[in-house]
Engineer: 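For reference, the structure I am asking about is given below.
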Amino acid sequence: MNSFKKHALKLSREYTQANFALVLSIVVSLVFLINSFNYKEGKIKSLVFTIFLVYALFTLYQFFLTWKIKKDLLKFGAIQPITRKLGYIQLLSILSANVFTASFAFNLIKNKKTPDYTFAVYMLFTQLFVIAISAFNMFKPYVTDTFLPAMGILVGILVFQVVTLVLVSKYVQDESAPSWFLVIAIVLIASSVTGNLFNLLLGISLIVKIRSHDRSRIIKWNTIWGKITRNSTAILGMFFIILMLSLSVCSKYTFDYDMAVENDYGSLLQQPSLEHPFGTDDFGRDLFSRIIFGARISLLVGFASTIIPLIIGGVLGAIAGYYTKRADNIIMRLLDILYAIPGILLAIAIIAAFGANTMNLILALSVGAIPSYARTMRANVLMVSNYEYVDSARALGASDFSIIFKQIVPNSLAPMIVKATLTIGGAVIATSSLSFLGLGVEPHIPEWGNILKIGSTYLESHSYLAIIPGLAIIGLVLSFNFLGDGLRDAFDPRMD
Amino acid sequence: MELHKEPSLNFGFSAHLSYVFEKMMKRPSYKYLLLVLGLPLHLIIFFFYQSKRKSDTYFTIHKIINESLQTAGLKEKLLSDFKEQYVRKHAFFQEKVDEQQMNREVDRLAEERYSKILAEKINDEYERQGLTKLNYISYFQRLLKNPLFLIVSFIPGVLMYILLLLFSNFFIKFIFERLIMSVFVIAGVSVLVFTILYLSPFDPAANLLGESATKEQIASFNHTYGLDLPYLMQLWNAVKGIFTFDLGASFTGNEDVAASIANKFPITLTIAIFSLLMAIVIAIPVGIISATRQNTFLDYSFMFIALIGLSIPNFWQGLIFILNFSIKLQWLPATYNPQNMLSIIMPVIVLGTGLTASVARMTRSSMLEIINEDYIITAKAKGLNERQVLWKHAIGNAMIPIITVIGLLFGDMLGGAAVTEKVFNISGIGSYIVDKQFIPDIPAIMGGVIYIAITISLVNVLIDILYAFFDPRIRSKMKQL
């Protein structure tokens, strides 16, 4: 009996998540604690210290919850309802922007979690964060004309999302949803134009459950997304990426682009304050706005320079893998030439020849990435084309074209998606590296590499100008890597 | 059966050559190579062969069997069989039969089958009579087995014999093939990079001489650097320059490009090699520890740190290092200085971080895969303790994919060196290329990019050879030509 309970502790997802949230929460609190002292003057920065206290409070409560879960599991083999009720208090930590503990709390209060529930929770988080970050503009002397209506719409969507979350947690089952959810799903999909892709995901998931009569399809959808949503790091990575995406869409209406690009000689190199949360640079431009607008470029270049080689390399790889040895040899030997030059160097050569701008940057990064996608695709196609269903399609008289694109490609896409997710991060780093060298995005555009380039000249006096854009890059790249790892685990049947 | 043919010392030198000759003639590309290299010899031998062939029994046997088959009506029977098949197939798919197309198809199939049956019959006849079929290859082989022939033919056939000798050892053959392949790749890289730079819309002459340059000045500049030649001429000069280490002078400063690249290469390579060493020393133990303690706090922390190492941009890491270790703590110098060995520490760490992180992750996943293999369970069941299983059975096999990853990433590291070199103000090959790209200084950029690509290709050849050394599966695959 005792060993059974120990096993329950090991198996319990909540316990793992509780520990994960606890560790990260401690780390974040420590970061605030370290930064709350001004070492030169020996004074406490009251604002940062207050934030630290709030974080420490929720961390302590998280510690208590973790201990309680452990006790429950060891004593009863399951988490008791009262412990789950205690999780409601921890929901408040979302007000301090502590995603780790808040997402854990949402997981704790619900016993049986569907992917839809998780989507709804993160949808809400994303919206809250977008609104909160945009709200910082209220400390500025003026805001854009579209600020108020845009915020109004965002808050409206937020209210709708809260209602949806409650309904979803109450009515949506593992394999079915009431048919009146269709209205909600359509509204959700429509509202995903704000860039909050969790809306879209939840909408699609609900439609699948309402409309599909094919149980195996629902189960397949649930298993894949179940694996991803249960993976704390993967879903956090996805959250950050979608947050950045949503911010770059909404920033068009809630942020003032002039603040990021127009020189303001009245406020050069100011330290962080409420008006300028990350300070200003040597031309008096608001670093906070610049970082927000920089996300747009990074995401655009990252996605574009992943999708282009994905398609070209995928088609070449599929042809090489499916057709005769000669086609294979010609394509792969030519790609070997491309493969012999490191991506960044090829990009430098192409940009040297055609000039530094965003379009050329995307092309340069794409060309270098083609061979590795082609190799991955070819290996998959070689494997898949030996399966029986391909033989049967051929015996039924299907053309080569339809065999490749209807049978083989869909079944060899999973490794390509994983690879693409993992390489977007690399593309983001390459973009900012090249911009840093002056070979990427045009210098007047607020891009993280460009911002860092300016920051590097003020390293001694105003180091935050170099630190903050770097943290933004790491955050985005880390998120893509987390999501990629999660996708790989979800698609890899060996992990079961 | 095949085992009898395996060459051994007992066979003698000439017999061995003849065996290699037979094997090589089976592959078309080698066949032509052998024929071309030994052309004078083959011409003479072919003459003898023709005279010998006339007296061969092949023609008579062919004639007899062909006649017997035709009288048996084989061809007509095949034709009607195939015709029936064709009609039935179309009836099944409910397609219309096109008379003309059907006849063409049926004729082709019947002809194919007929010649196949004929060849088989002839072979059977040969075997029954105990004859060997005479063709050029077997004739030449028989000659090769004679040492006297070898001595006589040594001078005209020396090139071919060298090739045969090279290919008689599978390992040398592998290295040789791999090198030939690299030469092709390097030539391809040269063409590609030159073409990209050639297509450039920028005009180096106008950029260098300034707006006020006269037409004559620009023309003379273009003439000096061979920029007025047609594309193919320029391409030929560039490729020749790459292989002869003579790239001419750079556009700015008029310095010898090959010499400046040779000057800047050592420091880039030194930093890259130190980074590689750092990666191996740190990452492999970390990966092994993570794999053996899967899903513990230690494992999670290591892999989390590794993922951060993978996500950190080089230049930012460099700046943060300079900020903390040079400006705040003043432990290490901020810029590289060849006289001060301490100044190399930060660039090495910054350049090696990504590699270390990837290798650690790779080691972990490769170890995990190996640990769950059946033979490891067998080893454990035999009663070996953890340490013996790990060191004797697991690590050796887990190393193979890791070596590949290191080879691939070494290339990325050399390519990414430009950024690190810029941050630490190192005058290596990477920063050289970046400095020259604004003009664009075609010979300098091309030289830099291509020589890095060559280095990477050579490293990959080396890794493939190491691979063959470590992995018995690959070795045995190589033996079956």
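Lettering follows sequence order; numbering is per chain, from 1. Reckoned from all heavy atoms, side chains included, excluding hydrogens, waters and symmetry mates.
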Engineer: Should the heavy atoms of other residues, nucleotides or ligands under 6.0 Å from CZ of B:F243 be counted, would the total exceed 12?
Structural biologist: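 Counting neighbours around CZ of B:F243, more than 12 heavy atoms of other residues, nucleotides or ligands fall under 6.0 Å, so yes.
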Engineer: Using non-hydrogen atoms and a 4.5 Å limit, figure out which bit of B:I196 sits close to chain A: side chain, backbone, both or neither.
Structural biologist: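 Backbone plus side chain of B:I196, per the 4.5 Å heavy-atom cut-off to chain A.
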Engineer: Under 4.5 Å heavy-atom distance to chain A, tell me which part of B:Y300 shows up: side chain, backbone, both or neither.
Structural biologist: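 Neither part; nothing is under 4.5 Å.
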Engineer: Heavy-atom distances under 4.5 Å only: say whether B:L408 touches chain A with side chain, backbone, both or neither.
Structural biologist: side chain
Engineer: Is the shortest side-chain heavy-atom distance between B:V423 and A:F436 below 4.5 Å?
Structural biologist: yes
Engineer: So which part of A:I337 gets closer than 4.5 Å to some heavy atom of chain B, the side chain, the backbone, both or neither?
Structural biologist: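 Contact with chain B: backbone and side chain both.
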Engineer: Side chain, backbone, both or neither: which part of B:V193 has a non-hydrogen atom closer than 4.5 Å to chain A?
Structural biologist: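 Side chain of B:V193 only, per the 4.5 Å heavy-atom cut-off to chain A.
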Engineer: Using a 3.5 Å cut-off and no angle test, enumerate the donor-acceptor pairs between side-chain atoms of residues 445-452 of chain B and protein atoms at least two apart in sequence or in another chain.
Structural biologist:
residue, atom, partner, partner atom, Å
B:Y451, OH, B:I242, O, 2.9

Engineer: Need one label for A:N19: side chain, backbone, both or neither, based on atoms under 4.5 Å from any heavy atom in chain B.
Structural biologist: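 Neither part.
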Engineer: Does some side-chain heavy atom of B:R361 sit less than 4.5 Å from a side-chain heavy atom of A:D485?
Structural biologist: yes
Engineer: Which heavy atom of B:I312 sits nearest a heavy atom of A:I429, and at what distance?
Structural biologist: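 Answer, listing the atom of B:I312 first, then A:I429: O-CD1, 4.0 Å.
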Engineer: How many angstroms lie between atom NZ of B:K328 and atom CD of A:E460, to the nearest 0.5 angstrom?
Structural biologist: 11.0 Å
Engineer: Can you check whether A:F482 and B:F304 have ring centres sitting under 6.0 Å from each other?
Structural biologist: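 Yes: the rings meet the under 6.0 Å criterion.
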Engineer: Is the shortest heavy-atom distance from the side chain of B:I456 to the side chain of A:P342 under 4.5 Å?
Structural biologist: yes
Engineer: Around A:R333, counting heavy atoms of other residues, nucleotides and ligands shown, do more than 12 lie under 6.0 Å from its CZ?
Structural biologist: yes
Engineer: Using heavy-atom distances under 4.5 Å, tell me whether B:V191 contacts chain A through its side chain, its backbone, both, or neither.
Structural biologist: neither
Engineer: Please give me the minimum heavy-atom distance between A:S463 and B:L323, naming the atom from each residue.
Structural biologist: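 What the structure gives for the nearest pair is CB-CD2, 3.6 Å.
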Engineer: What residues of residues 464-474 of chain A sit under 4.5 Å from chain B when you count only heavy atoms?
Structural biologist: A:A466, A:I467, A:G470, A:L471, A:I473, A:I474
Engineer: Counting heavy-atom pairs closer than 4.5 Å to chain A, which one of B:I322, B:V189, B:V419 comes out on top?
Structural biologist: B:V189
Engineer: Using a cut-off of under 4.5 Å on heavy-atom pairs, state which of B:I308, B:L310, B:L319 scores highest against chain A.
Structural biologist: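 Option with the top pair count is B:L319.
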Engineer: Is A:L439 in contact with chain B via its backbone, its side chain, both, or neither, using a 4.5 Å heavy-atom distance?
Structural biologist: side chain
Engineer: How close do B:F202 and A:F354 get, counting heavy atoms only, and between which atoms?
Structural biologist: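 Nearest heavy atoms, B:F202 then A:F354: CE1-C, 3.7 Å.
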Engineer: For B:P201 versus A:A353, what's the shortest heavy-atom pair and its separation?
Structural biologist: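 Scanning both residues, the minimum pair turns out to be CD-O, 3.1 Å.
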Engineer: Quick one: pull up OG in A:S456 and CH2 in B:W316 and give me the separation to the nearest 0.5 Å.
Structural biologist: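 If we round to the nearest 0.5 Å, A:S456:OG and B:W316:CH2 are 13.5 Å apart.
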Engineer: Who wins among A:G475, A:S432, A:G425 for the most heavy-atom pairs under 4.5 Å with chain B?
Structural biologist: A:S432
Engineer: Would you give the length of the straight line joining atom CE of B:M181 to atom CG of A:D336, rounded to the nearest 0.5 angstrom?
Structural biologist: 6.5 Å
Engineer: So, taking the atom named CD1 in A:I344 and the one named CG in B:D412, what distance separates them when rounded to the nearest 0.5 Å?
Structural biologist: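 If I round to the nearest 0.5 Å, the distance is 8.5 Å.
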Engineer: Please find the pair of heavy atoms, one from B:L197 and one from A:A349, that lie closest to each other, and give the distance.
Structural biologist: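 Scanning both residues, the minimum pair turns out to be CD2-O, 4.0 Å.
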Engineer: Give a yes or no on this: more than 12 heavy atoms of other residues, nucleotides or ligands lie within 6.0 Å of atom CZ of A:F63.
Structural biologist: no
Engineer: Output the option from B:G188, B:S311, B:G411, B:G415 having the highest count of non-hydrogen pairs under 4.5 Å with chain A.
Structural biologist: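 Sorted descending by pairs with chain A, the first entry is B:S311.
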Engineer: Enter the distance from B:F93:CZ to A:L396:CG here, rounded to the nearest 0.5 Å.
Structural biologist: 7.5 Å
Engineer: Which answer fits A:V23, side chain, backbone, both or neither, if we ask what part of it has an atom under 4.5 Å from a heavy atom of chain B?
Structural biologist: side chain
